[in-house]
Amino acid sequence: MARAGPGRAGGARRGQEQLRPPTWEISDSDAEGPASAETPATTRDPAGERRPAAEALRWLRPWQAVRRLAVLVDPAVLEDAGADTLMEALHALGCEPRVEPQRPARSLRWSRASPDPCPRGVPPEVWAEDEPHVLLLLEPEEFVRGVIQLTQVCGPTCSVPWVTPESPACLHLAVIGLDAYLWSQQPRAQETQQPGRPAVTRTKGAVSWPEVEEALVHLQLWENVDVLLVASWQELSQHMCAFTKALAQRPFKRWVAGERVARDGAGLRGAWWRQVRQFNRVSPAVADTVVSAFPSPRLLQQVYMACGTKQERLALLADLPVKTGKGVPPRRVGPDLSRRICLFLTTTDPDLLLDLGS
């Protein structure tokens with residue numbers, strides 16, 4: 001009996017060792033062998049699987065993205081004493097203002113630094129470069145000369161002094177103190193205005209607000225140029241910070257929204273799939289069926305136009321077969337969803353109720 005006691009104790013210890021998790025049995029010598037190299041591949045770590053998504057989300061958060069956004073400031077901008085207000089506001093925002101020569105002079109440009117390497121789980125299209133945005137600062141007198149030129153010759157053939165073939169696609173103009181400048185020019189214009197000499201008044205820079213508004217409409221419609229009229233550098237700084245925040249949020253919004261639709265149509269199929277999924281009671285398999293048959297809403301609209309009757313249009317998608325798994329009865333898109341998609345793409349009534357079951 002005395003010899004049996006230790007044996008039972010030893011068996012109990014061996015049983016406890018067998019119940020231990022495998023990771024507890026790895027010794028220091030085992031860690032150097034080939035068996036330890038296979039352990040990470042065979043051991044599933046749920047926390048490790050969630051880590052790439054969390055890392056991607058952290059990189060895409062607006063307050064993180066703004067730190068990778070640099071504002072390139074032309075040295076000529078800093079010649080104005082009020083430019084210190086702008087630089088301080090950009091520093092407080094968290095982005096990086098850099099003083100570098102820009103073309104054209106007295107302009108500011110935004111530049112985004114993509115993370116290297118790109119976080120896993122984020123498609124490369126999210127970090128695609130945006131069209132360059134350039135903000136050109138104009139003196140009030142310079143802007144008034146351009147207004148005179150725009151109001152004298154109207155139409156698409158009118159040349160704009162600030163727009164050249166080398167200008168970026170997204171050009172913004174900013175004028176500080178235009179209202180005060182126009183008020184200061186009014187008395188001088190009245191004193192120098194003489195019958196038969198309207199050109200003298202023009203050279204003095206006497207323009208009215210209706211003429212300014214006419215020039216703003218011309219710039220927006222014909223040249224796609226936005227004009228920001230502010231009273232002070234403080235107001236300009238607030239606009240710059242708000243615009244910088246908006247640019248910083250673009251990657252996050254692209255990632256949340258899903259695929260990005262480019263000008264060449266890339267990503268349209270994914271956007272169309274998500275649009276179909278927004279209808280009530282539509283599964284991913286049903287959306288796959290609709291998008292596979294008609295890869296874009298425009299193609300579906302063309303088929304609707306070719307239908308002879310309204311009933312034919314409403315039932316166009318009803319008999320499309322939906323792929324199902326093994327052992328699952330075959331399905332169709334059905335007349336209800338077919339009717340809703342048809343009405344969505346063809347109706348002109350904004351108050352029409354698509355879903356009869358809601």
Side-chain angles (χ1 to χ4, degrees), residues 57-100 102-115 122 126-140 142-143 146 162-163 167-181 209 212-213 215-217 219-221 223-257 260-261:
L57 183 61
R58 179 178 62 84
W59 276 97
L60 287 167
R61 290 297 186 186
W63 53 84
Q64 291 287 344
V66 73
R67 299 178 182 178
R68 298 190 308 277
L69 200 62
V71 181
L72 310 181
V73 183
D74 187 76
V77 176
L78 302 181
E79 295 178 0
D80 195 302
D84 294 340
T85 304
L86 173 62
M87 301 298 286
E88 293 174 359
L90 293 176
H91 277 293
L93 181 63
C95 67
E96 179 187 1
R98 298 203 304 258
V99 181
E100 297 180 5
Q102 301 297 317
R103 295 184 61 184
R106 288 183 55 82
S107 65
L108 303 95
R109 186 184 303 263
W110 287 264
S111 175
R112 189 194 313 276
S114 301
V122 181
V126 171
W127 305 104
E129 284 291 335
D130 299 315
E131 293 181 344
H133 288 266
V134 174
L135 179 68
L136 176 61
L137 296 179
L138 298 176
E139 295 291 344
E142 181 182 3
F143 180 73
W162 316 292
V163 179
S167 298
C170 300
L171 178 63
H172 310 266
L173 304 179
V175 186
I176 302 177
L178 177 63
D179 187 54
Y181 176 81
W209 270 111
V212 172
E213 293 174 354
L216 295 179
V217 172
L219 291 170
Q220 180 66 48
L221 295 182
E223 305 296 339
N224 195 26
V225 175
D226 294 326
V227 182
L228 176 65
L229 303 178
V230 294
S232 63
W233 278 92
Q234 179 68 29
E235 189 176 346
L236 176 65
S237 302
Q238 295 174 356
H239 172 83
M240 287 286 296
C241 291
F243 191 79
T244 303
K245 286 182 180 179
L247 288 181
Q249 292 175 0
R250 281 191 174 184
F252 180 75
K253 291 181 178 179
R254 289 176 192 166
W255 186 62
V256 172
R260 179 188 182 189
V261 180

Using the salt bridge (charged side-chain N to carboxylate O under 4.0 Å, His left out) criterion, which residues pair with [X]? Sequence neighbours excluded.
| X | result |
| --- | --- |
| Glu235 | none |
| Arg103 | none |
| Glu100 | Arg98 |
| Arg106 | Glu139 |

Quick one: does [X]'s side chain get under 4.5 Å of [Y]'s, heavy atoms only?
| X | Y | answer |
| --- | --- | --- |
| Leu69 | Leu93 | no |
| Leu86 | Val73 | no |
| Leu236 | Leu228 | yes |

Next on the checklist: Assess the residue pair Leu78 and Met87 against the criterion (side-chain contact (heavy atoms from CB on, under 4.5 Å)); give the C-alpha distance rounded to whole Å, side-chain angles, the decisive distance to 0.1 Å, and a yes or no.
Outcome noted: CA-CA 9 Å; Leu78 302 181; Met87 301 298 286; 3.9 Å; yes

Checklist entry - Using 30° and 60° as the class limits, which term best fits the ring planes of Phe143 and Trp162: parallel, tilted or perpendicular? => result parallel

Checklist entry - Who passes ring-ring contact (aromatic ring centres under 6.0 Å, His included) against Trp233, sequence neighbours left out? => result none

Checklist entry - Should we say atom CG of Asn224 is surrounded by more than 12 heavy atoms from elsewhere, each under 6.0 Å from it? => result no

Gap separating the [atom1] atom of [X] from the [atom2] atom of [Y], nearest 0.5 angstrom:
| X | Y | atom1 | atom2 | result |
| --- | --- | --- | --- | --- |
| Leu229 | Asp179 | CG | CG | 9.0 Å |
| Asp226 | His133 | CG | NE2 | 10.0 Å |
| Ser232 | Gln238 | OG | CD | 7.5 Å |
| Leu72 | Ser107 | CG | OG | 9.0 Å |

Next on the checklist: Looking at every heavy atom in both Met240 and Trp110, which two are closest together, and how far apart are they?
Outcome noted: CE-CZ2, 3.6 Å

Checklist outcome for this item: Residues Ile176 and Pro140: closest non-hydrogen pair is O-CG, 3.3 Å

Next on the checklist: Evaluate Val134 against His172 for side-chain contact (heavy atoms from CB on, under 4.5 Å), listing each step before the verdict.
Outcome noted: CA-CA 6 Å; Val134 174; His172 310 266; over 6 Å; no

Item to check | Pairs where residues 83-94 contributes a residue and the test side chain to side chain donor-acceptor pair (under 3.5 Å) is met, not counting sequence neighbours | outcome: none

Next on the checklist: Would Leu137 and Asp80 count as a side-chain contact (heavy atoms from CB on, under 4.5 Å) here? Give the steps.
Outcome noted: CA-CA 11 Å; Leu137 296 179; Asp80 195 302; over 6 Å; no

Checklist entry - Between Leu173 and Val225, does a side-chain contact (heavy atoms from CB on, under 4.5 Å) hold up when you go through it step by step? => result CA-CA 7 Å; Leu173 304 179; Val225 175; 3.7 Å; yes

